[in-house]
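All of these numbers come straight from a predicted model, not from anything done at the bench.
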Amino acid sequence: MALIGALFAIWPVPHTISLRELLLFSSVVVAGYLYYRTSVHGSWWRELRAPLVLIVALTVWMLFVAVFISNETLWSLAELGGQWAKALVAFAIGGLAATALGRNAAAGARLLLWLCAILFIHIVVVDVDAIAMLFREERDFRVSGFTEGPDKANYLTNIGLALLLAESLVRLRRGARFLPVANWMLGAAFVAALFSFYAERIRNGIGVAMVMFICWAVLTISGPRRRLAHKWLYVVTVVSVCAVAVGLLAIAGTAKPGLGWWQFVATVPVALDTQSHKGWLNESKYGLPTLPDGSPVDSSAYLRIAWFKEGLALARENPWGVGFGRNAFGHAVTAKYGEPKGHSHSSFIDLLVGVGIPGIALWFGFLGSLAWLGLKRFRETCSVYSLVLFFVVVDFGTRMIVDSNVRDHMLQMFVFLVGLLGVLAARQSAAISSPRAR
(Lines give C-alpha, C1' and ligand atoms only; values in the text may rest on other atoms or scores of the structure.)
Protein backbone atom coordinates (compact mmCIF):
# COMPACT_ATOMS: atom_id res chain seq x y z
CA MET A 1 0.00 0.00 0.00
CA ALA A 2 2.89 2.36 0.75
CA LEU A 3 4.53 1.65 -2.62
CA ILE A 4 1.30 2.12 -4.55
CA GLY A 5 0.48 5.31 -2.67
CA ALA A 6 3.93 6.70 -3.44
CA LEU A 7 3.64 5.69 -7.10
CA PHE A 8 0.18 7.24 -7.45
CA ALA A 9 1.41 10.49 -5.88
CA ILE A 10 4.57 10.66 -8.02
CA TRP A 11 3.00 9.68 -11.36
CA PRO A 12 1.73 13.16 -12.38
CA VAL A 13 4.73 15.09 -10.99
CA PRO A 14 7.12 16.24 -13.76
CA HIS A 15 10.80 15.27 -13.92
CA THR A 16 10.30 12.08 -11.90
CA ILE A 17 10.60 9.46 -14.65
CA SER A 18 13.42 7.52 -12.96
CA LEU A 19 11.57 7.45 -9.66
CA ARG A 20 8.35 6.39 -11.41
CA GLU A 21 10.10 3.46 -13.07
CA LEU A 22 11.75 2.43 -9.80
CA LEU A 23 8.37 2.47 -8.06
CA LEU A 24 6.75 0.64 -11.00
CA PHE A 25 9.31 -2.15 -10.82
CA SER A 26 9.18 -2.37 -7.02
CA SER A 27 5.38 -2.37 -6.95
CA VAL A 28 4.96 -5.13 -9.53
CA VAL A 29 7.52 -7.30 -7.72
CA VAL A 30 5.84 -6.83 -4.33
CA ALA A 31 2.32 -7.20 -5.75
CA GLY A 32 3.34 -10.35 -7.63
CA TYR A 33 4.93 -11.83 -4.52
CA LEU A 34 1.85 -11.10 -2.40
CA TYR A 35 -0.38 -12.59 -5.08
CA TYR A 36 1.77 -15.74 -5.08
CA ARG A 37 1.62 -15.99 -1.28
CA THR A 38 -2.12 -15.46 -1.05
CA SER A 39 -2.94 -17.92 -3.87
CA VAL A 40 -6.43 -16.45 -4.22
CA HIS A 41 -8.62 -18.16 -6.78
CA GLY A 42 -12.30 -18.05 -7.60
CA SER A 43 -14.96 -17.87 -10.27
CA TRP A 44 -14.82 -14.08 -10.18
CA TRP A 45 -12.03 -14.24 -12.77
CA ARG A 46 -14.69 -15.07 -15.38
CA GLU A 47 -15.95 -11.49 -15.05
CA LEU A 48 -12.58 -10.26 -16.34
CA ARG A 49 -12.09 -12.64 -19.24
CA ALA A 50 -13.39 -10.21 -21.86
CA PRO A 51 -11.13 -7.22 -20.97
CA LEU A 52 -8.12 -9.49 -20.45
CA VAL A 53 -8.58 -11.25 -23.79
CA LEU A 54 -9.09 -7.93 -25.56
CA ILE A 55 -5.99 -6.26 -24.11
CA VAL A 56 -3.87 -9.31 -24.97
CA ALA A 57 -5.29 -9.35 -28.52
CA LEU A 58 -4.58 -5.62 -28.85
CA THR A 59 -0.98 -6.13 -27.73
CA VAL A 60 -0.49 -8.92 -30.26
CA TRP A 61 -2.02 -6.77 -33.00
CA MET A 62 0.26 -3.84 -32.12
CA LEU A 63 3.31 -6.07 -32.45
CA PHE A 64 2.03 -7.49 -35.73
CA VAL A 65 1.53 -4.01 -37.20
CA ALA A 66 4.95 -2.87 -36.00
CA VAL A 67 6.79 -5.85 -37.49
CA PHE A 68 4.84 -6.68 -40.65
CA ILE A 69 2.98 -3.52 -41.72
CA SER A 70 4.76 -0.42 -40.46
CA ASN A 71 7.44 1.22 -42.59
CA GLU A 72 9.10 2.36 -39.34
CA THR A 73 9.38 -0.88 -37.41
CA LEU A 74 12.16 0.20 -35.03
CA TRP A 75 10.32 3.41 -34.08
CA SER A 76 7.07 1.55 -33.38
CA LEU A 77 8.80 -1.18 -31.38
CA ALA A 78 10.58 1.48 -29.33
CA GLU A 79 7.25 3.17 -28.61
CA LEU A 80 5.72 -0.16 -27.62
CA GLY A 81 8.59 -0.78 -25.22
CA GLY A 82 8.59 2.73 -23.77
CA GLN A 83 4.83 3.31 -23.62
CA TRP A 84 2.69 0.20 -23.91
CA ALA A 85 4.92 -2.16 -21.92
CA LYS A 86 4.95 0.22 -18.94
CA ALA A 87 1.18 0.55 -19.19
CA LEU A 88 0.82 -3.24 -19.05
CA VAL A 89 3.03 -3.29 -15.95
CA ALA A 90 0.80 -0.64 -14.33
CA PHE A 91 -2.28 -2.69 -15.30
CA ALA A 92 -0.72 -5.76 -13.68
CA ILE A 93 0.12 -3.82 -10.51
CA GLY A 94 -3.49 -2.73 -10.08
CA GLY A 95 -4.91 -6.20 -10.69
CA LEU A 96 -2.34 -8.03 -8.55
CA ALA A 97 -2.68 -5.56 -5.69
CA ALA A 98 -6.47 -5.86 -5.70
CA THR A 99 -6.17 -9.64 -5.73
CA ALA A 100 -3.64 -9.76 -2.90
CA LEU A 101 -5.56 -7.27 -0.76
CA GLY A 102 -8.97 -8.56 -1.79
CA ARG A 103 -9.03 -11.28 0.89
CA ASN A 104 -9.37 -8.49 3.42
CA ALA A 105 -12.18 -6.13 2.42
CA ALA A 106 -10.89 -3.48 4.80
CA ALA A 107 -7.47 -3.50 3.12
CA GLY A 108 -8.96 -2.88 -0.32
CA ALA A 109 -11.07 -0.06 1.07
CA ARG A 110 -8.06 1.52 2.80
CA LEU A 111 -6.08 1.44 -0.43
CA LEU A 112 -8.81 3.22 -2.38
CA LEU A 113 -9.23 5.75 0.44
CA TRP A 114 -5.49 6.39 0.33
CA LEU A 115 -5.70 7.10 -3.40
CA CYS A 116 -8.73 9.35 -2.80
CA ALA A 117 -6.75 11.38 -0.28
CA ILE A 118 -3.92 11.91 -2.79
CA LEU A 119 -6.38 13.15 -5.42
CA PHE A 120 -8.10 15.58 -3.07
CA ILE A 121 -4.77 16.96 -1.88
CA HIS A 122 -4.16 17.83 -5.54
CA ILE A 123 -7.57 19.51 -5.83
CA VAL A 124 -6.97 21.58 -2.70
CA VAL A 125 -3.54 22.69 -3.92
CA VAL A 126 -5.03 23.80 -7.26
CA ASP A 127 -7.81 25.71 -5.50
CA VAL A 128 -5.45 27.41 -3.04
CA ASP A 129 -3.16 28.54 -5.89
CA ALA A 130 -6.15 29.94 -7.79
CA ILE A 131 -7.49 31.81 -4.74
CA ALA A 132 -4.06 33.32 -4.13
CA MET A 133 -3.95 34.56 -7.74
CA LEU A 134 -7.44 36.05 -7.40
CA PHE A 135 -6.35 37.92 -4.28
CA ARG A 136 -3.40 39.28 -6.29
CA GLU A 137 -6.01 40.44 -8.82
CA GLU A 138 -4.71 38.10 -11.50
CA ARG A 139 -7.48 37.01 -13.85
CA ASP A 140 -5.82 35.42 -16.87
CA PHE A 141 -4.39 32.28 -15.24
CA ARG A 142 -4.45 28.51 -15.51
CA VAL A 143 -3.33 26.57 -12.46
CA SER A 144 -1.20 23.43 -12.74
CA GLY A 145 -0.79 22.39 -9.11
CA PHE A 146 1.95 19.78 -8.76
CA THR A 147 1.76 18.81 -12.46
CA GLU A 148 3.50 20.24 -15.52
CA GLY A 149 0.41 21.89 -16.99
CA PRO A 150 -3.26 22.68 -16.35
CA ASP A 151 -4.35 19.88 -18.68
CA LYS A 152 -2.41 17.34 -16.60
CA ALA A 153 -3.92 18.81 -13.43
CA ASN A 154 -7.37 18.48 -14.95
CA TYR A 155 -6.88 14.75 -15.53
CA LEU A 156 -6.55 14.31 -11.76
CA THR A 157 -9.52 16.57 -11.05
CA ASN A 158 -11.70 14.43 -13.33
CA ILE A 159 -10.62 11.24 -11.54
CA GLY A 160 -11.51 12.89 -8.24
CA LEU A 161 -14.88 13.87 -9.70
CA ALA A 162 -15.47 10.24 -10.72
CA LEU A 163 -14.97 9.19 -7.10
CA LEU A 164 -17.34 11.89 -5.84
CA LEU A 165 -20.05 10.97 -8.33
CA ALA A 166 -19.80 7.30 -7.42
CA GLU A 167 -19.91 8.02 -3.68
CA SER A 168 -22.90 10.36 -3.97
CA LEU A 169 -24.91 7.91 -6.10
CA VAL A 170 -24.25 5.03 -3.72
CA ARG A 171 -25.44 7.20 -0.84
CA LEU A 172 -28.62 8.05 -2.73
CA ARG A 173 -29.30 4.43 -3.62
CA ARG A 174 -28.30 2.66 -0.40
CA GLY A 175 -28.20 5.34 2.26
CA ALA A 176 -24.69 3.97 2.94
CA ARG A 177 -21.29 5.54 2.58
CA PHE A 178 -17.83 4.41 1.55
CA LEU A 179 -15.82 7.57 2.20
CA PRO A 180 -15.73 8.24 5.96
CA VAL A 181 -17.14 11.77 5.63
CA ALA A 182 -20.51 13.34 6.35
CA ASN A 183 -22.80 14.51 3.55
CA TRP A 184 -21.94 18.17 4.05
CA MET A 185 -18.23 17.34 3.68
CA LEU A 186 -18.99 15.47 0.46
CA GLY A 187 -20.81 18.56 -0.81
CA ALA A 188 -17.80 20.72 0.10
CA ALA A 189 -15.57 18.34 -1.88
CA PHE A 190 -17.88 18.77 -4.90
CA VAL A 191 -17.56 22.56 -4.61
CA ALA A 192 -13.76 22.28 -4.39
CA ALA A 193 -13.65 20.03 -7.47
CA LEU A 194 -15.90 22.37 -9.49
CA PHE A 195 -13.79 25.37 -8.50
CA SER A 196 -10.69 23.55 -9.72
CA PHE A 197 -12.30 23.34 -13.16
CA TYR A 198 -12.42 27.13 -13.13
CA ALA A 199 -8.81 27.29 -11.88
CA GLU A 200 -7.53 24.97 -14.62
CA ARG A 201 -9.78 26.34 -17.41
CA ILE A 202 -9.51 23.32 -19.68
CA ARG A 203 -12.49 23.21 -22.02
CA ASN A 204 -11.93 19.58 -22.95
CA GLY A 205 -11.98 18.57 -19.29
CA ILE A 206 -15.17 20.54 -18.68
CA GLY A 207 -16.84 18.82 -21.63
CA VAL A 208 -15.84 15.40 -20.29
CA ALA A 209 -17.17 16.37 -16.85
CA MET A 210 -20.49 17.22 -18.50
CA VAL A 211 -20.65 13.71 -19.96
CA MET A 212 -19.93 12.23 -16.53
CA PHE A 213 -22.69 14.32 -14.92
CA ILE A 214 -25.14 13.23 -17.62
CA CYS A 215 -24.28 9.56 -16.97
CA TRP A 216 -24.72 10.17 -13.24
CA ALA A 217 -28.13 11.76 -13.78
CA VAL A 218 -29.28 8.90 -16.04
CA LEU A 219 -28.20 6.30 -13.49
CA THR A 220 -29.94 8.23 -10.72
CA ILE A 221 -33.21 8.68 -12.59
CA SER A 222 -33.29 5.15 -14.03
CA GLY A 223 -32.73 3.48 -10.65
CA PRO A 224 -35.50 2.19 -8.40
CA ARG A 225 -36.98 5.24 -6.75
CA ARG A 226 -37.88 3.31 -3.64
CA ARG A 227 -34.19 3.02 -2.83
CA LEU A 228 -33.78 6.77 -2.60
CA ALA A 229 -33.94 7.87 1.01
CA HIS A 230 -36.68 10.49 0.47
CA LYS A 231 -38.83 11.57 -2.47
CA TRP A 232 -37.75 15.19 -2.07
CA LEU A 233 -34.14 14.07 -2.34
CA TYR A 234 -34.89 12.62 -5.77
CA VAL A 235 -36.24 15.98 -6.97
CA VAL A 236 -33.33 17.90 -5.45
CA THR A 237 -30.90 15.51 -7.15
CA VAL A 238 -32.28 16.14 -10.64
CA VAL A 239 -32.45 19.90 -10.08
CA SER A 240 -28.90 19.94 -8.73
CA VAL A 241 -27.59 18.09 -11.78
CA CYS A 242 -29.24 20.64 -14.06
CA ALA A 243 -27.76 23.49 -12.03
CA VAL A 244 -24.29 21.94 -12.16
CA ALA A 245 -24.59 21.44 -15.92
CA VAL A 246 -25.49 25.11 -16.39
CA GLY A 247 -22.62 26.11 -14.12
CA LEU A 248 -20.13 24.03 -16.08
CA LEU A 249 -21.35 25.57 -19.31
CA ALA A 250 -20.83 29.02 -17.81
CA ILE A 251 -17.30 28.07 -16.79
CA ALA A 252 -16.64 26.66 -20.25
CA GLY A 253 -17.77 29.91 -21.81
CA THR A 254 -15.14 31.82 -19.87
CA ALA A 255 -12.42 29.18 -20.05
CA LYS A 256 -10.35 31.23 -22.47
CA PRO A 257 -10.48 34.98 -21.87
CA GLY A 258 -11.27 36.86 -25.06
CA LEU A 259 -12.76 33.90 -26.92
CA GLY A 260 -16.48 33.30 -27.16
CA TRP A 261 -18.58 30.39 -28.37
CA TRP A 262 -19.46 32.30 -31.53
CA GLN A 263 -15.79 32.33 -32.46
CA PHE A 264 -15.55 28.59 -31.92
CA VAL A 265 -18.63 27.94 -34.08
CA ALA A 266 -17.34 30.21 -36.85
CA THR A 267 -13.98 28.43 -36.76
CA VAL A 268 -15.44 25.00 -37.53
CA PRO A 269 -16.09 25.41 -41.31
CA VAL A 270 -12.72 27.11 -41.75
CA ALA A 271 -10.95 24.24 -40.00
CA LEU A 272 -12.72 21.62 -42.11
CA ASP A 273 -11.39 23.24 -45.31
CA THR A 274 -7.94 21.72 -44.92
CA GLN A 275 -7.03 22.05 -48.59
CA SER A 276 -7.49 25.83 -48.82
CA HIS A 277 -5.95 26.58 -45.42
CA LYS A 278 -2.64 24.89 -44.60
CA GLY A 279 -2.05 26.41 -41.18
CA TRP A 280 -2.83 23.04 -39.57
CA LEU A 281 0.11 21.53 -41.46
CA ASN A 282 2.73 24.10 -40.48
CA GLU A 283 1.56 27.14 -38.54
CA SER A 284 4.84 29.03 -38.76
CA LYS A 285 5.12 28.45 -42.52
CA TYR A 286 1.52 29.01 -43.65
CA GLY A 287 0.06 30.98 -40.76
CA LEU A 288 -3.42 30.62 -39.32
CA PRO A 289 -6.44 31.64 -41.43
CA THR A 290 -8.94 34.29 -40.41
CA LEU A 291 -12.71 34.20 -40.14
CA PRO A 292 -14.87 35.72 -42.92
CA ASP A 293 -15.22 38.95 -40.90
CA GLY A 294 -11.44 39.25 -40.59
CA SER A 295 -11.23 38.25 -36.93
CA PRO A 296 -8.81 35.50 -35.86
CA VAL A 297 -9.90 31.90 -35.60
CA ASP A 298 -10.01 30.07 -32.31
CA SER A 299 -6.53 28.62 -32.78
CA SER A 300 -7.01 25.60 -30.53
CA ALA A 301 -10.31 24.66 -32.14
CA TYR A 302 -8.98 25.27 -35.65
CA LEU A 303 -5.93 23.02 -35.22
CA ARG A 304 -7.74 20.21 -33.40
CA ILE A 305 -10.62 20.04 -35.88
CA ALA A 306 -8.30 20.15 -38.90
CA TRP A 307 -6.04 17.47 -37.43
CA PHE A 308 -9.06 15.32 -36.65
CA LYS A 309 -10.33 15.54 -40.22
CA GLU A 310 -6.92 14.78 -41.71
CA GLY A 311 -6.47 11.94 -39.24
CA LEU A 312 -9.63 10.28 -40.49
CA ALA A 313 -8.36 10.65 -44.06
CA LEU A 314 -5.02 9.08 -43.11
CA ALA A 315 -6.82 6.19 -41.40
CA ARG A 316 -8.85 5.60 -44.56
CA GLU A 317 -5.60 5.46 -46.56
CA ASN A 318 -3.88 3.20 -43.98
CA PRO A 319 -6.69 1.01 -42.54
CA TRP A 320 -4.23 -1.44 -40.94
CA GLY A 321 -2.22 1.30 -39.27
CA VAL A 322 1.27 2.78 -39.63
CA GLY A 323 2.61 1.53 -36.28
CA PHE A 324 1.82 2.27 -32.66
CA GLY A 325 3.33 5.46 -31.30
CA ARG A 326 2.48 8.65 -29.43
CA ASN A 327 3.11 10.62 -32.62
CA ALA A 328 1.67 8.14 -35.13
CA PHE A 329 -0.38 10.93 -36.69
CA GLY A 330 2.73 13.05 -37.16
CA HIS A 331 4.65 10.20 -38.78
CA ALA A 332 1.79 9.58 -41.22
CA VAL A 333 1.55 13.32 -42.04
CA THR A 334 5.29 13.50 -42.65
CA ALA A 335 5.15 10.49 -44.96
CA LYS A 336 2.28 12.03 -46.96
CA TYR A 337 3.06 15.76 -47.01
CA GLY A 338 6.75 15.94 -46.14
CA GLU A 339 6.05 18.30 -43.23
CA PRO A 340 7.19 17.31 -39.71
CA LYS A 341 4.34 16.97 -37.22
CA GLY A 342 3.76 15.66 -33.70
CA HIS A 343 0.63 14.15 -32.24
CA SER A 344 -2.91 15.15 -33.19
CA HIS A 345 -4.09 16.18 -29.69
CA SER A 346 -6.60 13.33 -29.99
CA SER A 347 -5.61 9.87 -28.83
CA PHE A 348 -8.49 8.47 -30.87
CA ILE A 349 -6.84 9.76 -34.04
CA ASP A 350 -3.32 8.77 -32.97
CA LEU A 351 -4.47 5.24 -32.15
CA LEU A 352 -6.63 4.96 -35.26
CA VAL A 353 -3.76 6.04 -37.50
CA GLY A 354 -1.23 3.98 -35.54
CA VAL A 355 -2.93 0.62 -35.09
CA GLY A 356 -5.65 0.91 -37.70
CA ILE A 357 -9.32 -0.01 -37.58
CA PRO A 358 -8.78 -3.47 -35.98
CA GLY A 359 -6.64 -1.92 -33.23
CA ILE A 360 -9.06 0.87 -32.36
CA ALA A 361 -11.93 -1.67 -32.33
CA LEU A 362 -10.02 -3.83 -29.83
CA TRP A 363 -9.24 -0.78 -27.66
CA PHE A 364 -12.86 0.38 -27.53
CA GLY A 365 -13.89 -3.21 -26.89
CA PHE A 366 -11.54 -3.22 -23.90
CA LEU A 367 -13.02 0.04 -22.58
CA GLY A 368 -16.58 -1.10 -23.25
CA SER A 369 -16.10 -4.42 -21.46
CA LEU A 370 -14.78 -2.59 -18.39
CA ALA A 371 -17.65 -0.08 -18.43
CA TRP A 372 -20.16 -2.92 -18.77
CA LEU A 373 -18.52 -4.79 -15.88
CA GLY A 374 -18.81 -1.67 -13.74
CA LEU A 375 -22.49 -1.17 -14.56
CA LYS A 376 -23.34 -4.84 -14.14
CA ARG A 377 -21.70 -5.17 -10.75
CA PHE A 378 -23.20 -1.86 -9.62
CA ARG A 379 -26.70 -3.11 -10.38
CA GLU A 380 -25.96 -6.33 -8.47
CA THR A 381 -24.07 -4.98 -5.46
CA CYS A 382 -24.39 -1.17 -5.58
CA SER A 383 -20.66 -1.02 -4.78
CA VAL A 384 -18.45 2.02 -5.01
CA TYR A 385 -15.69 0.04 -6.76
CA SER A 386 -17.84 -0.87 -9.75
CA LEU A 387 -19.30 2.62 -10.09
CA VAL A 388 -15.91 4.33 -9.88
CA LEU A 389 -14.69 1.91 -12.54
CA PHE A 390 -17.55 2.95 -14.81
CA PHE A 391 -16.95 6.68 -14.33
CA VAL A 392 -13.17 6.38 -14.76
CA VAL A 393 -13.69 4.55 -18.08
CA VAL A 394 -16.24 7.14 -19.24
CA ASP A 395 -13.83 9.93 -18.29
CA PHE A 396 -10.80 8.45 -20.05
CA GLY A 397 -12.66 7.12 -23.08
CA THR A 398 -14.41 10.43 -23.71
CA ARG A 399 -11.26 12.42 -23.08
CA MET A 400 -9.26 10.49 -25.66
CA ILE A 401 -11.54 11.82 -28.41
CA VAL A 402 -10.50 15.42 -27.73
CA ASP A 403 -7.15 15.07 -25.99
CA SER A 404 -3.90 13.15 -26.11
CA ASN A 405 -4.13 10.98 -23.00
CA VAL A 406 -3.29 7.46 -24.22
CA ARG A 407 0.36 8.08 -23.43
CA ASP A 408 2.87 8.56 -20.63
CA HIS A 409 1.68 8.71 -17.01
CA MET A 410 -1.95 9.41 -17.99
CA LEU A 411 -2.21 5.98 -19.66
CA GLN A 412 -0.36 4.27 -16.81
CA MET A 413 -2.60 5.79 -14.14
CA PHE A 414 -5.72 4.83 -16.07
CA VAL A 415 -4.83 1.19 -16.65
CA PHE A 416 -3.62 0.87 -13.06
CA LEU A 417 -6.98 2.16 -11.81
CA VAL A 418 -9.06 -0.09 -14.08
CA GLY A 419 -6.92 -3.08 -13.11
CA LEU A 420 -7.41 -2.31 -9.42
CA LEU A 421 -11.11 -1.42 -9.63
CA GLY A 422 -11.93 -4.17 -12.12
CA VAL A 423 -10.65 -6.89 -9.80
CA LEU A 424 -12.23 -5.32 -6.71
CA ALA A 425 -15.56 -4.99 -8.53
CA ALA A 426 -15.42 -8.55 -9.84
CA ARG A 427 -14.57 -9.94 -6.40
CA GLN A 428 -17.28 -8.11 -4.52
CA SER A 429 -20.36 -10.32 -4.19
CA ALA A 430 -22.24 -8.46 -1.49
CA ALA A 431 -23.71 -4.99 -1.21
CA ILE A 432 -21.95 -2.29 0.76
CA SER A 433 -22.41 -2.77 4.46
CA SER A 434 -20.87 0.44 5.73
CA PRO A 435 -22.75 2.66 8.24
CA ARG A 436 -25.53 4.91 7.08
CA ALA A 437 -24.47 8.36 5.92
CA ARG A 438 -25.24 11.17 8.29
- What is the ring orientation for Trp11 with Phe416, classed by angle as parallel under 30°, tilted 30 to 60°, or perpendicular over 60°? tilted
- Task: Name the orientation class of the two ring planes belonging to Tyr385 and Phe178 (parallel below 30°, tilted from 30 to 60°, perpendicular beyond 60°).
- Result: perpendicular
Check: [X] side chain, [Y] main-chain N or O, donor-acceptor pair, under 3.5 Å:
{"X": "Thr147", "Y": "Val13", "result": "no"}
{"X": "Ser369", "Y": "Phe366", "result": "yes"}
{"X": "Ser27", "Y": "Leu24", "result": "no"}
{"X": "Glu167", "Y": "Arg177", "result": "no"}
{"X": "Asp350", "Y": "His343", "result": "no"}
{"X": "Asn327", "Y": "Gly330", "result": "no"}
{"X": "Ser76", "Y": "Phe324", "result": "yes"}
{"X": "Ser26", "Y": "Leu23", "result": "no"}
{"X": "Ser347", "Y": "Asn405", "result": "yes"}

- Tyr302 six-ring face occupied by Arg304 cation (under 6.0 Å, within 45°): no
Please indicate whether [X] has more than 12 foreign heavy atoms, meaning atoms of other residues, nucleotides or ligands, lying under 6.0 Å from its [atom1].
{"X": "Lys341", "atom1": "NZ", "result": "yes"}
{"X": "Arg49", "atom1": "CZ", "result": "no"}
{"X": "Ile17", "atom1": "CD1", "result": "no"}
{"X": "Asn282", "atom1": "CG", "result": "yes"}
{"X": "Trp320", "atom1": "CH2", "result": "no"}
{"X": "Tyr337", "atom1": "OH", "result": "yes"}
{"X": "Phe190", "atom1": "CZ", "result": "yes"}

- Mind running side-chain contact (heavy atoms from CB on, under 4.5 Å) on Leu194 and Tyr198 for me, showing each step along the way? CA-CA 7 Å; Leu194 292 177; Tyr198 169 76; over 6 Å; no
- Note on the structure: Given the options Val415, Leu111, Leu389, Leu420 meets side-chain contact (heavy atoms from CB on, under 4.5 Å) only with Leu111
Nearest-0.5 Å distance that lies between atom [atom1] in [X] and atom [atom2] in [Y]:
{"X": "Met413", "Y": "Phe396", "atom1": "CE", "atom2": "CZ", "value": "11.0 Å"}
{"X": "Leu165", "Y": "Leu219", "atom1": "CG", "atom2": "CG", "value": "10.0 Å"}
{"X": "Ser196", "Y": "Asp129", "atom1": "OG", "atom2": "CG", "value": "12.0 Å"}
{"X": "Lys336", "Y": "Glu317", "atom1": "NZ", "atom2": "CD", "value": "3.5 Å"}
{"X": "Arg142", "Y": "Asn154", "atom1": "CZ", "atom2": "CG", "value": "10.0 Å"}
{"X": "Leu63", "Y": "Leu77", "atom1": "CG", "atom2": "CG", "value": "7.0 Å"}

Got [X] and [Y] here, is their nearest side-chain heavy-atom distance under 4.5 Å?
{"X": "Leu54", "Y": "Leu58", "answer": "no"}
{"X": "Phe8", "Y": "Leu3", "answer": "no"}
{"X": "Asn183", "Y": "Arg171", "answer": "yes"}
{"X": "Gln412", "Y": "Gln83", "answer": "no"}
{"X": "His345", "Y": "Phe308", "answer": "no"}
{"X": "Pro150", "Y": "Val143", "answer": "no"}
{"X": "Ile349", "Y": "Trp307", "answer": "no"}
{"X": "Phe378", "Y": "Phe390", "answer": "no"}

Please tell me whether [X] and [Y] have a donor and an acceptor in their side chains that are separated by less than 3.5 angstrom.
{"X": "Trp216", "Y": "Ser168", "value": "yes"}
{"X": "Thr59", "Y": "Trp84", "value": "yes"}
{"X": "Arg399", "Y": "Asn204", "value": "no"}
{"X": "Glu200", "Y": "Thr157", "value": "yes"}
{"X": "Ser386", "Y": "Ser383", "value": "yes"}
{"X": "Thr16", "Y": "Arg20", "value": "yes"}

- Given the rule in the side-chain contact (heavy atoms from CB on, under 4.5 Å) test, do Ile123 and Leu156 qualify, once you have shown the distances and angles that lead to the verdict? CA-CA 8 Å; Ile123 289 174; Leu156 303 182; over 6 Å; no
Can you name the closest pair of heavy atoms from [X] and [Y] and give their distance?
{"X": "Met400", "Y": "Leu351", "value": "CE-CD1, 3.9 Å"}
{"X": "Leu48", "Y": "Ala426", "value": "CG-CB, 4.1 Å"}
{"X": "Ala332", "Y": "Val353", "value": "CB-CG1, 3.7 Å"}
{"X": "Gly397", "Y": "Leu367", "value": "CA-CD1, 4.0 Å"}
{"X": "Ala209", "Y": "Asn158", "value": "N-ND2, 4.3 Å"}
{"X": "Leu288", "Y": "Ser299", "value": "CD1-CB, 3.7 Å"}

- Those residues that, when tested against Val211, pass side chain to side chain contact (heavy atoms under 4.5 Å, CB included) (two or more places apart): Cys215, Val394, Thr398
- Residues Asp298 and Arg203 bridged, charged N to O under 4.0 Å: yes
- Message: Could you check whether Arg326 pairs with Asp408 (Lys NZ or Arg NE/NH1/NH2 to Asp/Glu carboxylate O, under 4.0 Å)?
- Response: yes
- Report the C-alpha separation of Lys376 and Glu47 in whole Å, then their side-chain angles, then the decisive distance to 0.1 Å, and conclude whether the side-chain contact (heavy atoms from CB on, under 4.5 Å) test is met. CA-CA 10 Å; Lys376 178 184 176 185; Glu47 301 271 3; 3.7 Å; yes
- Message: Run Met185 and Leu179 through side-chain contact (heavy atoms from CB on, under 4.5 Å) and show every step you take.
- Response: CA-CA 10 Å; Met185 296 177 68; Leu179 296 177; over 6 Å; no
